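These numbers come from a predicted model, not from an experiment.
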Amino acid sequence: MKILFLEDDILLNEIIQEHLENEGYSVKSTFTGYEAEELIYAEKFDLCLFDVNVPGITGFELVKNARQNDIKTPTIFLTSLNMIEDIEKGFDSGCDDYIKKPFELKELDIRINNIKRLFNIDIKIIKIDENSYLDLQNLEINLNKNSFII
């Protein structure tokens, strides 16, 4: 799973990036909204984790603009903005989840796993019908207990 991570606090950026990489994710880390904006249009990501108050374009503006340009990459805001109006603004801009700082890394893991479930990210086996499965990891189709390599 490939994650675009925007956090301007250098220490927090390093801690979260290291944690995510230890969890097996590929992470592209940025420190400004403009860097993240450039990357979101240049590369494909499975998930965006964005702070809101960053140099350049804010996380809210970044997601709103991306959604208007048909970029639907699931996005979680990680922010110290914790008023109900802030949360509403975050969801109105197009985010899929909102985590208030400070938070535990375990909460981040739970929220990422939920996004993976909701958006079918990192699915290894897809059930076609009662007797048929597509195994994406091994590139096999399993029909009535018989395997065929794709």
Side-chain angles (χ1 to χ4, degrees), residues 1-129 133-142 150:
M1 181 170 165
K2 188 174 176 184
I3 297 174
L4 176 57
F5 177 46
L6 168 61
E7 171 60 62
D8 64 328
D9 180 300
I10 295 170
L11 182 58
L12 186 57
N13 187 306
E14 185 178 302
I15 290 168
I16 293 174
Q17 180 177 355
E18 183 177 316
H19 172 75
L20 294 170
E21 288 173 344
N22 287 339
E23 292 295 311
Y25 301 120
S26 170
V27 181
K28 176 119 350 163
S29 180
T30 64
F31 298 92
T32 73
Y34 292 129
E35 290 172 335
E37 183 178 45
E38 186 176 308
L39 286 168
I40 204 168
Y41 291 103
E43 298 182 35
K44 169 125 177 53
F45 295 93
D46 299 304
L47 176 66
C48 295
L49 299 175
F50 291 162
D51 187 4
V52 174
N53 287 328
V54 293
I57 186 171
T58 70
F60 289 156
E61 294 169 304
L62 179 58
V63 173
K64 185 175 183 180
N65 293 343
R67 297 295 187 252
Q68 289 172 350
N69 286 295
D70 208 32
I71 295 176
K72 306 214 182 302
T73 306
T75 302
I76 301 173
F77 284 128
L78 312 172
T79 179
S80 58
L81 298 178
N82 59 12
M83 302 296 293
I84 194 67
E85 295 82 14
D86 299 320
I87 297 167
E88 182 177 35
K89 187 174 180 180
F91 280 102
D92 285 348
S93 72
C95 79
D96 299 287
D97 205 347
Y98 194 104
I99 303 176
K100 298 180 233 175
K101 293 177 184 175
F103 58 87
E104 293 186 31
L105 293 174
K106 181 67 176 170
E107 179 181 357
L108 179 60
D109 294 342
I110 292 167
R111 304 286 186 119
I112 289 173
N113 286 332
N114 188 53
I115 291 290
K116 288 166 59 174
R117 179 184 61 81
L118 291 172
F119 289 87
N120 296 319
I121 300 170
D122 277 355
I123 299 296
K124 304 288 189 247
I125 296 178
I126 299 172
K127 183 176 181 179
I128 299 168
D129 62 30
Y133 300 89
L134 174 60
D135 182 339
L136 296 173
Q137 185 171 356
N138 297 311
L139 296 176
E140 292 180 347
I141 297 175
N142 297 300
I150 300 174

Is the F50 ring parallel, tilted or perpendicular to the F77 ring (thresholds 30°, 60°)?
tilted
Q) If only atom types and distance count, is the side chain of T30 paired as donor or acceptor with the main-chain N or O of F5 below 3.5 Å? A) yes
Open item on the list: Between E35 and F31 (side chain of the first, backbone of the second, donor and acceptor by atom type, cut-off under 3.5 Å), is there such a pair?
Closed with: yes
Stepwise side-chain contact (heavy atoms from CB on, under 4.5 Å) test for L49 and I112:
CA-CA 9 Å; L49 299 175; I112 289 173; 4.3 Å; yes
Going by heavy atoms in the side chains, are D109 and H19 under 4.5 Å from each other?
yes
- Item | Stepwise side-chain contact (heavy atoms from CB on, under 4.5 Å) check, I71 with F45 | CA-CA 10 Å; I71 295 176; F45 295 93; over 6 Å; no
Value for CD (E23) from CD1 (I3), rounded to nearest 0.5 Å, stands at 9.5 Å
Determine, step by step, whether K116 and L47 satisfy the side-chain contact (heavy atoms from CB on, under 4.5 Å) criterion, reporting the C-alpha distance in whole Å, the side-chain angles of both residues, the deciding distance to 0.1 Å, and the verdict.
CA-CA 9 Å; K116 288 166 59 174; L47 176 66; over 6 Å; no
Step through the shown structure and confirm whether more than 12 heavy atoms of other residues, nucleotides or ligands are within 6.0 Å of CD on E38.
no
- Task: Find out whether D46 and F119 are in side-chain contact, i.e. whether some heavy atom of one side chain is under 4.5 Å from a heavy atom of the other.
- Result: no
- Considering only NZ, NE, NH1 and NH2 on the basic side and carboxylate oxygens on the acidic side, decide whether D51 and K101 come within less than 4.0 Å. yes
Sequence neighbours excluded, the answer for salt bridge (charged side-chain N to carboxylate O under 4.0 Å, His left out) partners of D97 is R111
- Item | Residue E18 excluded, over 12 heavy atoms near CD under 6.0 Å | no
Partner of L20 under side-chain contact (heavy atoms from CB on, under 4.5 Å), picked from L105, V27, I15, is V27
The reported gap from CE in M83 to NZ in K100 (rounded to nearest 0.5 angstrom) is 10.0 Å
Fill in: Minimum side-chain heavy-atom gap L78-L108 below 4.5 Å
yes
(message) Could you go through Y41 and E37, starting from their C-alpha distance and side-chain angles, then the distance that decides it, and tell me whether this counts as side-chain contact (heavy atoms from CB on, under 4.5 Å)?
(response) CA-CA 7 Å; Y41 291 103; E37 183 178 45; 3.8 Å; yes
**Prompt:** Do N65 and I57 have side chains that get closer than 4.5 Å, going by heavy atoms?
**Reply:** yes
When rounded to the nearest 0.5 Å, the distance separating CG of N53 from CZ of F60 is 7.5 Å
- Message: Is it the case that atom CD in E104 sees more than 12 heavy atoms from other parts of the structure closer than 6.0 Å?
- Response: no
d(I121 CD1, N113 CG) to nearest 0.5 Å is 10.5 Å
Distance col, row S93:OG vs E88:CD, nearest 0.5 angstrom, shows 11.0 Å
In this structure, CD1 of I76 is separated from CD1 of I115 (nearest 0.5 Å) by 4.5 Å
Applied to residues 55-70, the salt bridge (Lys or Arg N to Asp or Glu O under 4.0 Å) test, sequence neighbours excluded, yields R67-D96, D70-K72
The side chain to side chain contact (heavy atoms under 4.5 Å, CB included) partners of N114 (sequence neighbours excluded) come to R117, L118
